[in-house]
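Report on the following structure.
Below, chain A is the first sequence line, B the second, and so on; all start at residue 1.
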Amino acid sequence: MEITTVRELYRQTEKFLNKKIRVNGWVRTVRSSKSFGFIELNDGSFFSNLQVVFDENLANFKEISKLVTGSAIKVEGELVESPGVKQPFELKAGNIEIEGASTPDYPLQKKRHSFEFLRTIAHLRPRTNTFSAVFRVRSITAYAVHKFFQDRGFVYVHTPVITGSDAEGAGEMFRVTTLDFDQLPRDEAGKVDFSKDFFGRETNLTVSGQLEVETYCMAFNKVYTFGPTFRAENSNTPRHAAEFWMIEPEMAFADLQNNMDLAEEMMKYLIMYVMENAPEEMNFFNNFIDKTLFDRLENVVKSEFGRITYTEAIEILQKANEKFEYPVAWGHDLQTEHERYLTEKVFNKPVFVTDYPKEIKAFYMRLNDDRRTVAAMDLLAPGVGEIIGGSQREERLDRLEKRMEELGLNKDDYWWYLDIRKYGGTRHAGFGLGFERLIMYLTGMTNIRDVISFPRTPGNAEF
RNA sequence: UCCUCGAUAGCUCAACGGUAGAGCAUCCGGCUGUUAACCGGAGGGUUGCUGGUUCGAAUCCAGCUCGGGGAGCCA
């Protein structure tokens, strides 16, 4: 007999009702009496459990009624309407086989656990309601990201995880090496001789695929990356991880406005896709994780994102009747408290802040006509802060070289990046979306460590 | 990295200088429709680690480790 999934039972109940079926899954809890009992079974295919009813007619009734949480079983029986109010149907077991027993020290209870504790058992937490919901939403969202871009003609580019460009400027990097630390090769000056290293040069884990993907942008016009990214920053916050996933679209013949249009369309698409394709999980988040979730997401889908320039943002903040810990002044970067005020108090929806002073942004961002600002954009979202950072890129070779000189960057290191401007360079723009921050925003989860399967943070690489 | 709060049974917490406790979980028993099942009983602890103060430390002090909240860096 074929194995039926719990998802099929819930989605196409009529097809299975009053029929004999087989289901495989894991025991979430057992409630047993003298001559009968109930098992909450989760088979991984669906958020909700299947209630299995069993009685003394089972040859192994005693054994089954003593099953502990976490055990894996195979059940054969008839799907019948349930007299209970909490489930529409249940499986009346004719036979239950123990596939893999569990033990009494199984750490997960039916009671609620703290997220802090569950992080210490990251190998078991996907068996809980919350993490089952988080990681199914994560999977569905990843698919939606691809679908969004592929449907619009974007080409998916795999940029390297190991990079030789050591100055991408997006943060501290993890070094990749095969050198023997106990016997490092040295040059005449006594410095480590990386020409003896595996790649014959210094290499690191990527902090961004942007520079590389720009080259493919000049071939395919519309491209995107979606892959792991590494930052060796000693950041200890609920929004930072040393290893995370980033989505970076890049469009040729596009300016900052096109860039924001794409970002806004994408955010709305992803929300709608997840609401439609993970309704049980999203309901759970709205009921148990963040009661304002649906209101917030609906608000995002329905409203037009705010769009203001950095200069306007400074004016708003200076006029605000709010005591800020950090002073507001043109030329200084916006502090978290400023960003929160803008997106949570002034706009109460996502807002793009554009055209920042060139001094506080990356070298590759396009200089505006005012010569003091660049065509940058940050998307600030209530609750999670900066979720997208992007810009129109400097396509004018002379301007780009001048900016690199001002910042003391070595042009030779970027020869291929500069070549792109030489050979048919066009206007182009793109952005980076932190995938985990997106998942946090979609689920209401407030710690990035709870939306990555095995989070890497300073001092933490268990599993 | 900085500021701040915390770490006690498997989990969530209490005890705040004088013999370490509860609920849940676990184990045993009971129960013919449960659903955070219910009822009765039992076991379970080098109080995060290292050192110090004290007649006596879970409690006071210092350092370290890990965690929460805030900040910086950013996505």
With sequence neighbours excluded, what pairs up with A/Phe244 under the ring-ring contact (aromatic ring centres under 6.0 Å, His included) test? none

Got a minute to check which stems RNA chain B is part of, using Watson-Crick or G-U wobble pairs under 3.5 Å, three or more consecutive? B:1-7 with B:65-71, B:10-13 with B:21-24, B:26-30 with B:38-42, B:48-52 with B:60-64

Who are the salt bridge (charged side-chain N to carboxylate O under 4.0 Å, His left out) partners of A/Glu339, not counting sequence neighbours? none

Under 3.5 Å between N/O atoms: give me all the protein pairs with nucleotides 27-31 of chain B, atom names plus distance.
{"from": "B/C31", "atom 1": "OP1", "to": "A/Lys34", "atom 2": "NZ", "distance (Å)": "3.2"}
{"from": "B/C31", "atom 1": "N4", "to": "A/Ser32", "atom 2": "O", "distance (Å)": "3.4"}

Do any pairs count as a ring-ring contact (aromatic ring centres under 6.0 Å, His included) and have a residue in residues 53-80 of chain A, sequence neighbours left out, and if so which ones? A/Phe54-A/Phe61

A/Arg307: salt bridge (charged side-chain N to carboxylate O under 4.0 Å, His left out) partners, not counting sequence neighbours: A/Asp261, A/Glu264

Taken in chain and number order and not counting sequence neighbours, the residues that satisfy salt bridge (charged side-chain N to carboxylate O under 4.0 Å, His left out) with A/Asp43 are none

Nucleotide-resolved protein contact map, nucleotides 6-13 of chain B, B/S/- at heavy-atom distance under 4.0 Å: ----BBS-

Residues 80-87 of chain A side chain polar contacts: donor-acceptor under 3.5 Å, at least two apart:
{"from": "A/Ser82", "atom 1": "OG", "to": "A/Gly84", "atom 2": "N", "distance (Å)": "3.2"}
{"from": "A/Ser82", "atom 1": "OG", "to": "A/Gln87", "atom 2": "NE2", "distance (Å)": "3.0"}
{"from": "A/Ser82", "atom 1": "OG", "to": "A/Glu90", "atom 2": "OE1", "distance (Å)": "2.9"}

With sequence neighbours left out, write down each residue that passes ring-ring contact (aromatic ring centres under 6.0 Å, His included) with A/Phe284, or none if nothing qualifies. A/Phe47, A/Phe288

Provide a list of protein-nucleic acid N or O atom pairs under 3.5 angstrom, restricted to nucleotides 40-45 of chain B.
none

For a quick check, tell me whether the side chain of A/Ser235 and the base of B/C73 share a donor-acceptor pair closer than 3.5 Å. yes

Check ring-ring contact (aromatic ring centres under 6.0 Å, His included) between A/Tyr341 and all other residues, then give those that pass, not counting sequence neighbours. A/Phe324

